[in-house]
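All ligand and atom numbering here is 1-based and tracks the order in the structure.
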Amino acid sequence: MLYICATPIGNLDDVSSRLISVLRTVDLICAEDTRRIKKLLSRYEIKGKKTISYNDRNKERRTKFIIDVLKKDHDVALVSDAGTPGISDPGFYLVREAAKEKLDISPVPGPSAAIAALSISGLPTNMFTFYGFLKKKQGKREETVSIVKERNETSVFYESQYRIEKTMEFFAEHLPDRPCMVCRELTKKFEEIFRSTVSEIKDRIVEKKPKGEFVIIIGKK
Ligand code: SAM
């Protein structure tokens, strides 16, 4: 079985007992960064696990190796640095190739920053689009914002501390009056939630220059 395992997005207490038991019992753990998963393994006293890296740079080579391991009837867990693999994180390629080979794949569900943010947004969640990170090229960004306008439903974006200001300035230019929520450092010590319009939150972010990881949720008109 290939287990696709969600791990905490900040607070290491956010694990399920199934996650711990899967990590304890699999033959191999594939991790975006082996140092990060070791922290979680050590916190839950999981010792002596074979752990290899699986990331965008080595995914093709590693996928072949992992598929061979699975074909020998071994169990494998895939984890990313935080949250759910495959959601703006490595995983898609391995899952697609394993599915082509008709191997068994099972999710071990848990945290994802997008869903955690949506759950506290108070914005409609019956229809939403997850865009991941806004592209850097101006043409692509404009293409995305025109889709946001056209769909007129809740939109979810990820952003890092390095681009949050620029990204909010861009959204404020195009969608100033839309309802918005920006979450910073969910589940961590400096968790902070901004709720207002896109334009007002942009002003607060430009003024405060907050650090950390962000989810931006933009509501419909
Ligand atoms: N796979 C992950 C998931 O399921 O949430 C997302 C990985 S993506 C490479 C990392 C981005 O997720 C960050 O730049 C940020 O936008 C968002 N993110 C992750 N953890 C977060 C947190 N604790 N608070 C706010 N945003 C977070």
Engineer: Geometry only, no angles: is Ile9 polar-contacting ligand 1 at N/O separations under 3.5 Å?
Structural biologist: yes
Engineer: Below a 4.0 angstrom heavy-atom separation, can you tell me which part of Phe133, side chain or backbone, both or neither, approaches ligand 1?
Structural biologist: side chain
Engineer: Which one of Asn11, Thr7, Thr187, Ile9 satisfies the side chain to side chain contact (heavy atoms under 4.5 Å, CB included) criterion with Pro111?
Structural biologist: Ile9
Engineer: I need the atoms of ligand 1 closer than 4.0 Å to a non-hydrogen atom of Glu185, numbered in the order shown.
Structural biologist: 23 (N), 24 (N), 25 (C)
Engineer: Would you mind checking if Lys208 and Glu192 are paired as a salt bridge, meaning a charged N to carboxylate O distance below 4.0 Å?
Structural biologist: yes
Engineer: Please indicate whether any nitrogen or oxygen in Gly10 is less than 3.5 Å from any nitrogen or oxygen in ligand 1.
Structural biologist: no
Engineer: Return the closest protein heavy atom for atom 26 (N) of ligand 1 as residue, atom name and distance.
Structural biologist: Val215 CG2, 3.5 Å
Engineer: For atom 25 (C) of ligand 1, find the nearest protein heavy atom and state the residue, atom name and distance (0.1 Å precision).
Structural biologist: Glu213 O, 3.2 Å
Engineer: Can we say Lys188 and Glu213 salt-bridge, meaning some charged N sits less than 4.0 Å from an Asp/Glu carboxylate O?
Structural biologist: yes
Engineer: Would you mind checking if Lys39 and Asp33 are paired as a salt bridge, meaning a charged N to carboxylate O distance below 4.0 Å?
Structural biologist: no
Engineer: Looking at ligand 1, is there an atom of it that comes within less than 4.0 Å of some heavy atom belonging to Ala82?
Structural biologist: yes
Engineer: Which atoms of ligand 1 have any heavy atom of Lys188 under 4.0 Å away?
Structural biologist: 23 (N)
Engineer: Whether Glu97 and Lys100 form a salt bridge (side-chain N of Lys/Arg under 4.0 Å from carboxylate O of Asp/Glu) is what I want to check.
Structural biologist: yes
Engineer: Does Ala113, backbone or side chain, put an N or O under 3.5 Å from an N or O of ligand 1?
Structural biologist: yes
Engineer: Is it true that atom CG of Asp68 has more than 12 heavy atoms of other residues, nucleotides or ligands lying nearer than 6.0 Å?
Structural biologist: yes
Engineer: Any idea which protein heavy atom is nearest atom 15 (C) of ligand 1, and the distance to it?
Structural biologist: Phe214 O, 3.4 Å
Engineer: Consider every N or O of Ser88 and every N or O of ligand 1, then say whether any pair is closer than 3.5 Å.
Structural biologist: no
Engineer: Does Thr187 come within less than 4.0 Å of ligand 1, judged by its heavy atoms?
Structural biologist: no
Engineer: May I ask you to check whether over 12 heavy atoms, not counting those of Lys220, lie within 6.0 Å of atom NZ?
Structural biologist: no
Engineer: Is Asp89 touching ligand 1 with its side chain, its backbone, both, or neither, if touching means heavy atoms under 4.0 Å apart?
Structural biologist: side chain
Engineer: Inspect the surroundings of NZ in Lys209 and state if more than 12 heavy atoms from other residues, nucleotides or ligands are less than 6.0 Å away.
Structural biologist: yes
Engineer: In terms of atom number and element, which parts of ligand 1 are under 4.0 angstrom from non-hydrogen atoms of Ile87?
Structural biologist: 1 (N), 2 (C), 4 (O), 6 (C), 7 (C)
Engineer: Compute both the distance and the angle, then confirm whether Arg141 meets the cation-pi test with Phe170: under 6.0 Å from the six-membered ring centre, within 45 degrees of the axis.
Structural biologist: yes
Engineer: Does the N or O separation between Leu186 and ligand 1 drop below 3.5 Å for any pair?
Structural biologist: yes
Engineer: With no hydrogens and no angle check, just 3.5 Å: does a side-chain donor-acceptor pair link Ser53 and Glu32?
Structural biologist: no
Engineer: Any N or O on Arg184 sitting closer than 3.5 Å to an N or O of ligand 1?
Structural biologist: no
Engineer: Determine the interplanar angle of the Tyr131 and Phe157 rings, folded into 0 to 90°, and report it as parallel if under 30°, tilted if 30 to 60°, perpendicular if over 60°.
Structural biologist: parallel
Engineer: Using distance alone, decide if ligand 1 has a nitrogen or oxygen within less than 3.5 Å of any nitrogen or oxygen in Ser80.
Structural biologist: no
